[in-house]
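Okay, so here's the structure we're looking at.
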Amino acid sequence: MRKLDLSVQFAGIEMKNPVTTASGTFSARDSGQFYDIGRLGAVVTKGVASEPWAGNPTPRIGETYGGMLNAVGLQNPGADAFIADELAYLKQFSTPVIANVAGRTAEEYCLAVEKLSETDVAMLEINISCPNVKEGGIGFGTDPRMAAEITRAVKSVSKKPILVKLTPNVTDITEIAKAVEAEGADGISLINTLLGMKIDVQRKKPVLANIMGGFSGPAIKPVAVRMVYQVRRAVQIPIMGLGGIMTGEDAAEFIMAGADVISVGTAALVNPTAPVDILEELEAYMEEQGFKTIADIRQAFQG
Amino acid sequence: MRKLDLSVQFAGIEMKNPVTTASGTFSARDSGQFYDIGRLGAVVTKGVASEPWAGNPTPRIGETYGGMLNAVGLQNPGADAFIADELAYLKQFSTPVIANVAGRTAEEYCLAVEKLSETDVAMLEINISCPNVKEGGIGFGTDPRMAAEITRAVKSVSKKPILVKLTPNVTDITEIAKAVEAEGADGISLINTLLGMKIDVQRKKPVLANIMGGFSGPAIKPVAVRMVYQVRRAVQIPIMGLGGIMTGEDAAEFIMAGADVISVGTAALVNPTAPVDILEELEAYMEEQGFKTIADIRQAFQG
Amino acid sequence: MKKIICGKVACNEAIARDIYKMQIQSPELGQAKPGQFVNLYLADKSMLLPRPISICDIEEGCMTLVYKVVGKGTKALSAYKEQDDIRVSTPLGNGYFIEGEELEHHTCDYRGKKVALVGGGIGVPPMVLLAKRLQEQGAEVTAVVGFPEEAFLIQELKGFCQSVHIATDRGTIGFHGNVLELIQEKEILAQEYFACGPKVMLRALSQWCQQQQLSCQVSLEERMGCGYGACVGCTCKIKVVTEAGVEIQQKGVCKHGPVFFGEEVAWDA
Amino acid sequence: MKKIICGKVACNEAIARDIYKMQIQSPELGQAKPGQFVNLYLADKSMLLPRPISICDIEEGCMTLVYKVVGKGTKALSAYKEQDDIRVSTPLGNGYFIEGEELEHHTCDYRGKKVALVGGGIGVPPMVLLAKRLQEQGAEVTAVVGFPEEAFLIQELKGFCQSVHIATDRGTIGFHGNVLELIQEKEILAQEYFACGPKVMLRALSQWCQQQQLSCQVSLEERMGCGYGACVGCTCKIKVVTEAGVEIQQKGVCKHGPVFFGEEVAWDA
Ligand SMILES: Cc1cc2nc3c(=O)[nH]c(=O)nc-3n(C[C@H](O)[C@H](O)[C@H](O)COP(=O)(O)OP(=O)(O)OC[C@H]3O[C@@H](n4cnc5c(N)ncnc54)[C@H](O)[C@@H]3O)c2cc1C
Ligand SMILES: Cc1cc2nc3c(=O)[nH]c(=O)nc-3n(C[C@H](O)[C@H](O)[C@H](O)COP(=O)(O)OP(=O)(O)OC[C@H]3O[C@@H](n4cnc5c(N)ncnc54)[C@H](O)[C@@H]3O)c2cc1C
Ligand SMILES: Cc1cc2nc3c(=O)[nH]c(=O)nc-3n(C[C@H](O)[C@H](O)[C@H](O)COP(=O)(O)O)c2cc1C
Ligand SMILES: Cc1cc2nc3c(=O)[nH]c(=O)nc-3n(C[C@H](O)[C@H](O)[C@H](O)COP(=O)(O)O)c2cc1C
Ligand code: FES
Ligand code: FES
């Protein structure tokens, strides 16, 4: 039998397989205590801004039926500390690094992108779910005009390929996807978290100190698959698919829906070795189905 | 100890308790084989249009992690048959009936509302998640202008209080809620299903013949609670809260978030007696917490 | 009233490759009609919907189900151990029409009547209870059962049938071919046919019976939500004679079926 | 490497109202430091996140945990039966600093040293392993433990402590009041204090120790996501001395803690 070839070309980078970590659920030193990071197709690091952010008060985490809520609030040490610490540490692995970037204004995004452009990260992922402080705190990613503006701004300063990460909390995801494609985004990743809330009826208050938070995990997968499917049919650029992936078959589902590569988020909190387990399960699924390449999976889909 | 009083006034009707069924998950004759319908605060019937609708091809049902997908496509026998059959059968129970109404144009909604206005239903619930065939099939409920238009149209012909049922597949739910309140809606119910999709990676095709479908069940509860909370703070009219309610504590959670009454949908497919079980659990929760009335639950919330 | 009861697994064992027999005990289990099914509710809370499984056999307090592992739910089911609790509904659907009531032009008395039960794959289990009841009513019962490769429930059927004919897709056991080919080749003739199995099989048999002007009841399968009539998820298309002529209506498999007369079914609609 | 292992429940019994002792066996269980915790992963798949529980005792191949039923997860945990499988992480967090390394101005040799272990409610369990280790290192160990009403783990503590003082909120057993009042009233003096319990207790004790210029280690609790440093969900505010002066930094309870020195913690930030 011919050997499996899981390698993929993704928005200008070579990956040995399509499995990556999702931003905010991976820390090189800590995740690396459970598995060999070098096995992954790429790693996506926690959101980083031009300057340090303190994030939200605790409790920041809640559990829901088949999912979870988080209101970490993008706590991060700022781009300089990130480059000196996490990024330096990641150099030892033969795995491309995709740095996730946060900002509150177009200027802030650009500042972080400029700093990260000078490093050897393979790609930048722009998290446009952040609130735009100049326009009343409404999320950049909820409006095609603002999404386009950020994409244009970061593309103009970046030396690296740009992935734009979309928020699912919109009426029409294809509208946003087309807007960022038109401004030259090299790829799209979706979905970020849904906006959710939980109340503790024993304590009679919201579970999160921040009241609302990002809702992720297997519970949200149907929304993610639907959006990947819709966006695949609306734009040409490659897609990183994520949202609730827990198994190798889930990964295959996203690839059939139209993803080129996938990310594992909440699953890695539920099971620290999830990214490599999912990689192995994807291989097993391919063997069982007689698929030799990732393209075979996509082509088998009768959608 | 004083007896519990679960009665509520809701948008002009009296209900002995706040527990109702969710549209499309209740059939008087079939659900009535598992419990006494007379115990419920009200029943919400399956969506009905002015004329019969055939609905979508099968498979119409899929299961997701902690949730389900449906693409029934609003199959219904039309208002006349509904009045002659389901509604006539429901007369024997001492429970108010809220009739859920579907349409593809404002005229169709109005036709159904006119017919139902002549019956003894207590209230009408207008499902504005339907696609507007005159405007390219985009959902009425995804645009404040169209939502307002439908509300105005049905209010002008209805002799019954009007509940407008909102779709969660929007960027800003409060905008839609305010638009329907401004046109005189007597209440709002939310949420309808999220838009979801699932692919069967063994058969390599979408699980639903319709490809995408309505996503419901406990998985979606965090989105529903968040939207009820947001809408409660944006409008004055009463709210019927639903989306993933499985237990009495879930019901209390919606009441704390701002719902006046609640509906049980998918839970009734998972457990046919769910509506009355949830009613009993809500009573047990109230006893345990020392709450005497539904208002006590709401007031205890420190949000 | 219908209800969901908490049964105890009395046995759950593989009887063929990927095929399991589960027996569930509960004092609340009464009688059932052949062709009725039950909803099994899984303990794993990530899977919400019930799994509908036909009743293979039932006696006061104990029910036998035979199921194939085809996905996550049936896989989870196969891991149940003796004495585990399992939530199960009381019988659902209408089952085969053998009650003796006058059913339009269909017969009502099975004494001395030749009937053939045609089962394919996981359509075989309900044939056991059906054979038992028809034999009790005095019918002369023949079973024709088809499998991909490996046969099961043959001994059980032999207990109630005068003869049991087996077909396998690959000819591993019995006749090499499908059940209809077997019926035609061996001229297994009867006055009435009862079938359960894949849609292609039901359709071919039903059309053949229509040509022969023989009565044929088929048990349909559809992806279900609730299994009791509330969700309108499981419709099939049925021809109904109305004042305006023959009309195709949508009927719930769980509520109006799962058994229909072959000629009622709008196979192509 | 850290890992998730599949252990077997050796016992799981109520030792007080809503308080359970669970023993988990696995050949892969090695040693642990007192104050470390493990993540328990529940079988019910609707609950995704691990439940962090402190290690109460550990020997090659067997670990003892003591937990209180406070919600859905711990309720599900209390239903585990002997021989059930349970997924559990290898030890997480850093535990109490008693390794004998020079820790800034803190001592490193416990021989003959008087130490007091202060536990409140479900903060008592880690004190058992801590008492054992400090006794092994030659310390003179006193325990001061507080409960709402009912005491537990007293015998276990007595095995490693010279004396065990009990306080209850309602005076049902021992001293009527909280642990700090008990320490003050009975003048239970020690050279170093180790504490685990509700935040109000830790804070009051820590402030009292600072006034007395005594060293105090506290084990903090925070709502966790991953429990191993990946999600940044569980931060607490810690004072860190930098070139620019004292700075308040956010540290992960699971990764940098759960144990901190009382004076490091920015209680009001
Ligand atoms: C009236 C009726 C009687 C049945 N009797 C038997 C029986 O006696 N023995 C037996 O082995 N099987 C029987 N089935 C089929 C059985 O219900 C499915 O195989 C089972 O539900 C699959 O569950 P899963 O989680 O393992 O599969 P999934 O992973 O959910 O899906 C695998 C396949 O099973 C089908 N399926 C899944 N759930 C259902 C459902 N609720 N209804 C219909 N199809 C479904 C899916 O379409 C898919 O093709 C019956 C089905 C019906 C409708
Ligand atoms: C480092 C550490 C060690 C612990 N050691 C013990 C112990 O030895 N014995 C013991 O009984 N308890 C211990 N706890 C607390 C224990 O983790 C929680 O009581 C348990 O997770 C509650 O789960 P639940 O599903 O029953 O509660 P839920 O219904 O989820 O919530 C009930 C309460 O428990 C809290 N809680 C829930 N999950 C967590 C979590 N993952 N982290 C922190 N708090 C949580 C919630 O904030 C809430 O107040 C420890 C917690 C931490 C952080
Ligand atoms: C604790 C946590 C922190 C996250 N932080 C970030 C972040 O910093 N930047 C970002 O773009 N997405 C962040 N996300 C979103 C995830 O990357 C991912 O888009 C989302 O969780 C859906 O995938 P999942 O269901 O696999 O988790 C975070 C998610 C979680 C659970
Ligand atoms: C099978 C099914 C059919 C439904 N049909 C309707 C309908 O006819 N009209 C409507 O307004 N909502 C319909 N809904 C949506 C529900 O009423 C409810 O808003 C949604 O399912 C969320 O609640 P739940 O999670 O409790 O099910 C349907 C839902 C399901 C699962
Ligand atoms: S499965 Fe719900 S109506 Fe048949
Ligand atoms: S719980 Fe995830 S970092 Fe501490």
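Below, each value reflects all heavy atoms present in this structure, side chains not excepted, and no hydrogens, waters or symmetry copies.
Across C:C231 and B:V72, no two heavy atoms sit closer than the pair O-CG2, 3.4 Å. Here the closest non-hydrogen pair linking C:L48 and B:P218 is CD1-CD, 3.5 Å.
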Which donor-acceptor pairs lie under 3.5 Å between chain B and chain C?
residue, atom, partner, partner atom, Å
B:D30, OD1, C:K255, NZ, 3.4
B:D30, OD2, C:K255, NZ, 2.7
B:Q33, O, C:K2, N, 2.8
B:Q33, OE1, C:K2, NZ, 3.1
B:A54, O, C:Q250, NE2, 2.2
B:T58, OG1, C:E222, OE1, 3.0
B:R60, NH1, C:V232, O, 2.8
B:R60, NH1, C:T235, OG1, 3.3
B:R60, NH2, C:T235, OG1, 3.4
B:R60, NH2, C:Q250, OE1, 3.4
B:E63, OE1, C:R51, NH1, 3.1
B:E63, OE1, C:R51, NH2, 2.8
B:E63, OE2, C:L48, N, 3.0
B:E63, OE2, C:L49, N, 2.7
B:E63, OE2, C:R51, NH1, 2.8
B:G66, N, C:S46, O, 2.9
B:Q75, OE1, C:Q250, NE2, 3.4
B:A268, O, C:Y228, OH, 2.6

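B:A71 does not touch chain C: none of its heavy atoms, backbone or side chain, sits under 4.5 Å away. Both the backbone and the side chain of B:A54 come within contact range of chain C, each with at least one heavy atom under 4.5 Å from a heavy atom of that chain.
Of the listed residues B:A219, B:P59, B:P272, B:G24, the one with more heavy-atom pairs under 4.5 angstrom with chain C than any other is B:P272.
No side-chain heavy atom of B:I61 sits under 4.5 Å from any side-chain heavy atom of C:M224.
Annotation: ring pair (Phe, Tyr, Trp, His ring centres under 6.0 Å) contacts of B:F26 (sequence neighbours excluded): none.
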